[in-house]
Structure formats: structure tokens, C-alpha cells
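Report on the following structure.
Just so it is clear, the model here is predicted, and its values are computed rather than measured. A note on names: the letters A, B, ... follow the listed sequences, proteins ahead of strands, and every chain is numbered from 1.
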Amino acid sequence: MASAAHPEPIEPIQPLQPPSGRPRGGHDQHTLPAPFLPDACEPLTQGAEALVYRTHFLTPQTPAVLKYRPPKPYRHPTLDKRLTKARLLAEARVLVKCRREGVSVPAVLGADWEGGWLVLEYVGGGTVRGVLDGWVHRLPELSREGNSETISEGRKKSEEEEALWELMRKVGRAVGRLHEIGVCHGDLTTSNLMVRDEEEYTENETNLPPSGDIVLIDFGLATQTIQDEDRAVDLYVLERAFAATHPAAEPLFQEVLRTYGGSFKGAKSVLRRLEDVRLRGRKKSMLG
Amino acid sequence: MIALGLEGSANKLGVGIISHPHPSKPPVILANLRHTYVSPPGEGFLPKDTAKHHRSYVVRLVKQAMKQAGVKVEDLDCICYTKGPGMGAPLQAVAIAARTLSLLWGKKLVGVNHCVGHIEMGRAITGAENPVVLYVSGGNTQVIAYSSRRYRIFGEALDIAVGNCLDRFARTIKIPNDPAPGYNIEQLAKKGKNLIDLPYTVKGMDASFSGILASADILAAQIADTLPEEKRLKAEDGSLVTKEDLCFSLQETVFAMLVEITERAMAHVGSSQVLVVGGVGCNERLQEMMGLMARDRGGSVFATDERFCIDNGIMIAHAGLLAYETGITTALEDSTCTQRYRTDEVFVGWRE
């Protein structure tokens, strides 16, 4: 058995497969808040707290994302109102701050804390997770092409890889910039990193990753903090998300960290803190 | 196979005897006895007094359990005891009892993780197959899900446990510890009407309770009868805030936090079943709130009553026997106990 002095290393938690298909309950059970009509809202996802829809706002030509926090029936109504208001405002404030400081996030179009809704700019494009999954999916064929070593295919491969590495550098810079302005995301996964693409992201001929900007989304757990610990945990969560995709994504994440390290003044000490966080997992072992 | 289980990680001494007739059949409970050390109002239980209590009752309880179960010493396959986590002195007292029985009767020992005991017993009683587990008691607050042979901790209390928060508040307002401080708070809370603002501290899937306790203690000082009426805390409608209101507010706040972190874990792993175990899991308001949340997600909640929620010997016997059936025993020289023993340190060989 593990003694107190030499605890057995605990394997980190692997994110499990998300439930497939449309979530049960959730979207069907709640009526939308006042200005939004069910016909104009297409469910996107159900998080722990919010229901997310694709809709339009003010004009039918303005695509938008509606993030609705329905009242929780288990919570005392007073407490529920207080929490919904505090969280919604905190999220909106962080987004506005990011926007002001030039971090690429969806713009806040409207909010109503009584109604529990927040309307954000619709970001076209795919997630970094989607890009990575697509790349992992093609890995076997890419390595075959590498063996055949025809000149044209060899060049195409390096072009794709170069685009992928450029994407990683963008991720590193985006996260570095976010931390620099004193915001920690709180749930930094590859699904919460989007690559802006004005045209709908489709399987293009070249297999090149989209070349747009990185947009950070879902600031529901974000905090305004400049602590190395919080920043390092952010990076650790992102590292786990990369590792869960494929072992081959490991060097890609190193590129993210390398760029992050040069992106702002305090970044080097965050990377040192990350070493500690890696050893113990995201939880401090202060259990009594 | 039949196992005897000894539990004494906190102020309850439990002795249980369980039989696993066949892997395909449910376990049979032959005996489940418990004796609780109750401290006077306004005081907690001290390790040395609790250990003394366990020492003086363990022989009696084992004899009674053997008699009630109608089993002979030869029928037993192993002696299971709580290895940890828990209070040092009480754990040691029970570990000594287990070692003595093992040598006396020539039976193998099995050291059991207390948290895994709670989870396995909850699963066995309710028949929940692969739930997200909320384990809430005086010493532990964890949100757990099973994944590749480990019970993984997804969220936990960052400082004191939720039960500890409730128990210590019971001490502050000087309500009896009999039968349990948490039970008495629950009864008072049923009469509370006004919700008083308390801090609400959820960080992702983790929660913190020490600040809430400190705030509740401060509020409790402001409702004392000795204060002149104009200085006492008033609710929004101008009426005086009562003890009942504070119990109600404390419960509403901390349970909302527990349900929220559980919901987050459920969304994360994509499960719709939730199992509540541990002493605080008896609380009917918590069960009700959890039920409302689960219904909203199209799922269901499983909970047990005080016989299996509150620390007991049968869960140690059950989890120990499951491990014993996979060939795990604890050698006499390794039969130590430990105050820190994380749930995810246990290799769960008996589940796929």
C-alpha cells in the first residue's frame, strides 16, 4: 500500500467519451425566455449550467448564440436568482474585458440577468479539437504517404504540418494574451478553442487546417486572476485535452507551450509552476 | 463466502456480517450492528475518547453480531477492517481488534478503504450499475465516477467536509449531538422560512465549506437572545432571524453546491444515474434536491437509508469480501491503518 511519504502516482483522469446524439431532456423541458422563439432557435449543446442555441438577434441577418441558464428547480428561488445574476454578469464582464484588451472572444450582443440569458456573436468555423481529430484520423495515410516519398505528396504533407504548427503557435499566443490581461479561462479544452472561418468549415480538398484567428469560447468558469497557480492549471487542463486526442499530439502541445512561454512577461514562471501541477494533478493533496 | 467487517473510522463502531452466496446472486446481510459515541452538546468527539469507546464495545458487538447471524467461527472466510481514511486513534483501536480476531480464529485479514466501502454498499443496495457517486459525510466530500478499474475523484471539498461544516454549526448553536448533529439540523431546517445570504463557493467541480461555516457562525452570534432586540439580525420582512432560519439557509446553500458539482460531473461523464452515500446522504432535503436535478437531466437518483448511509460494518465486510474474492488479502505485518487514503488509490479488481 502507498505510504504517506511515497504516494503511488495516480493516473490522471481521462475525459470520457461525451454522450452521443442529442442530450435527453434539457432542451425539450425548458421554455425559452421572452424574446426568443423556439422556431428561431436551434439547440447546439447542453452544459452543466446552460442550454446553448444558435439563433439570430435583432435582425434576422445577425446570427448569434443564445446561452440560456434556466432556473434550477432544486435551488431556492432567491439563491438561484442571485447565482444566475452573478455568474451571467461575471461571464459578460470577462468577455467585454477580453474584447477591450484585444483578445479574440465572441462579442456580447445582449444580456438579461433576470431572464438568465446572454446573447453572443456567432463564431463561424470549427474547433481546434475538430482540426486535431481530423489530423489524427488521417495519420495512418499520412505516414504511408511519407514512406512512398513522391515529391508532390511529400510537399503537401509538410505544408499541412506547417499549417498545423502555425495553428499551435496561434493557440499559444491566444492563451498567453488571455493570461496577460489577468483572465483565466477555467475550462480550457480544445473544444473551447475555435478557429474562425468566415465560410462554413467544410472538408476542403487540401486538408489544410483553417488559417483564421483563434477565438476562445465558453467563459462560464472564467475568473479574473493573475496567480501562477490558476494560469498553470489552465495550461494543465489544455495539456490533458491534447493528450486525450492522440499521443502524436504531444509535440504539438510543446509548440503551444513554447509560444506561450515567449508571449508575456510572467509566462516563464507559469511554465515552472506547470511542472508542479503536472506532478500532483490539478488537485492539491491537502486531504485530511 | 462469509465475511466479518469492522468499522470505526469516526465515532461509530460498526460490526457487520455478510454472505455472498454466489456471484450471480445478491449479497445477504446476516448482521449489521452499530454503536455510536455521542459527545455532549457544544462539543465534538475527541479521538482518544472515541477510541476508548470503540475498545470497550467491540467485543460485545462482535459477540452479538455472531449470535444474531447464527454463524460459527469456522463459517467465516475473512476479517475485514477499515484501513482508512479516518481518525487515527479510533482506526487503530479497531485495527487491533481485527488483528486479534484474525490471530485468534486463524482467518485472513482484508484492509478496506472506507470510501470504497460506502460506494460498493450503495451499489449493492440500490442496484445502480454505473452511477456518478456523491460521497458526503463528516470527513469526506467527493464526487466520484468509475473508470478503468479505479474510482476516480472528479470533484471534492477543498477544505473541510460538508458534514464537518454542519456538525460544527450544530456545536455553535448548541443543539444536541444525539442521534446525530446533522439530523437535528435537518429537523430545525424544516421549520425555517427565511433564506439568509451565505457565501456560495463552487470552483468547477470542487467546493469549499470553511468560509460558509465562518459566516454562519458570525450570523449565529447575531441572533443570540442576550442581545437587545434592535441589535439582533432581521430578515427582509423585518422579523427576527431564528435558529431555524439559519439551519434552513445553511442546508439550502451547501446542498445546492453539492448538487451543482454532481451535475457538473454528470455532464462531464455523460451519466444520468447518481448515487448518494455517506452520513449526509440520509438527509431527505439533499435527496429531494438531487432528485429534481436528476429528473431535469432525464435520469434518476439512488439513495439508501440510515442503516447503510451512516458508517456501518456491513459495507466494510461487503467491499472486503469483494476484494477477497479477487485474491486480495492483507498480511498481518501490513495490517496498518492510515488517516489519508484516497479513493483512487484502490485497484478495483472486481469490476469490469
B/I160 versus chain A, the contacting section by heavy-atom distance below 4.5 Å: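 It is neither, since no heavy atom gets under 4.5 Å.
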Give the minimum heavy-atom separation between [X] and [Y], together with the two atoms involved.
{"X": "B/A256", "Y": "A/L79", "answer": "CB-CD2, 3.8 Å"}
{"X": "B/R264", "Y": "A/L221", "answer": "NH1-CD2, 3.5 Å"}
{"X": "B/D296", "Y": "A/P73", "answer": "OD2-CD, 3.9 Å"}
{"X": "B/R285", "Y": "A/Y74", "answer": "NH2-O, 3.5 Å"}

Taking atom [atom1] of [X] as the centre, report whether more than 12 heavy atoms of other residues, nucleotides or ligands fall under 6.0 Å from it.
{"X": "A/Q224", "atom1": "CD", "result": "yes"}
{"X": "B/K190", "atom1": "NZ", "result": "yes"}
{"X": "A/I226", "atom1": "CD1", "result": "no"}
{"X": "A/K97", "atom1": "NZ", "result": "yes"}
{"X": "A/K81", "atom1": "NZ", "result": "no"}

- prompt: Going through the checks in order, is the side chain to side chain contact (heavy atoms under 4.5 Å, CB included) test met by B/E260 and A/R75?
  reply: CA-CA 9 Å; B/E260 181 177 343; A/R75 261 194 313 238; 3.5 Å; yes
query: So A/R82 and B/L195, side chain to side chain contact (heavy atoms under 4.5 Å, CB included) or not? Walk me through it.
result: CA-CA 12 Å; A/R82 188 183 117 202; B/L195 187 83; 5.8 Å; no
message: Counting heavy-atom pairs under 4.5 Å with chain B, which one of A/T78, A/L83, A/T223, A/D187 comes out on top?
response: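 Among the listed options, the one with the most contacts to chain B is A/L83.
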- request: Kindly determine whether B/F248 and A/H76 satisfy side chain to side chain contact (heavy atoms under 4.5 Å, CB included), including the steps that lead there.
  value: CA-CA 10 Å; B/F248 172 71; A/H76 190 283; 3.7 Å; yes
task: Would you mind checking if B/E252 and A/K72 are paired as a salt bridge, meaning a charged N to carboxylate O distance below 4.0 Å?
output: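 Result for this pair is no, no salt bridge flagged.
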field: Greatest number of heavy atom pairs closer than 4.5 Å to chain A - which of B/D334, B/T336, B/L292
entry: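 Looking at each option in turn, the highest pair count goes to B/L292.
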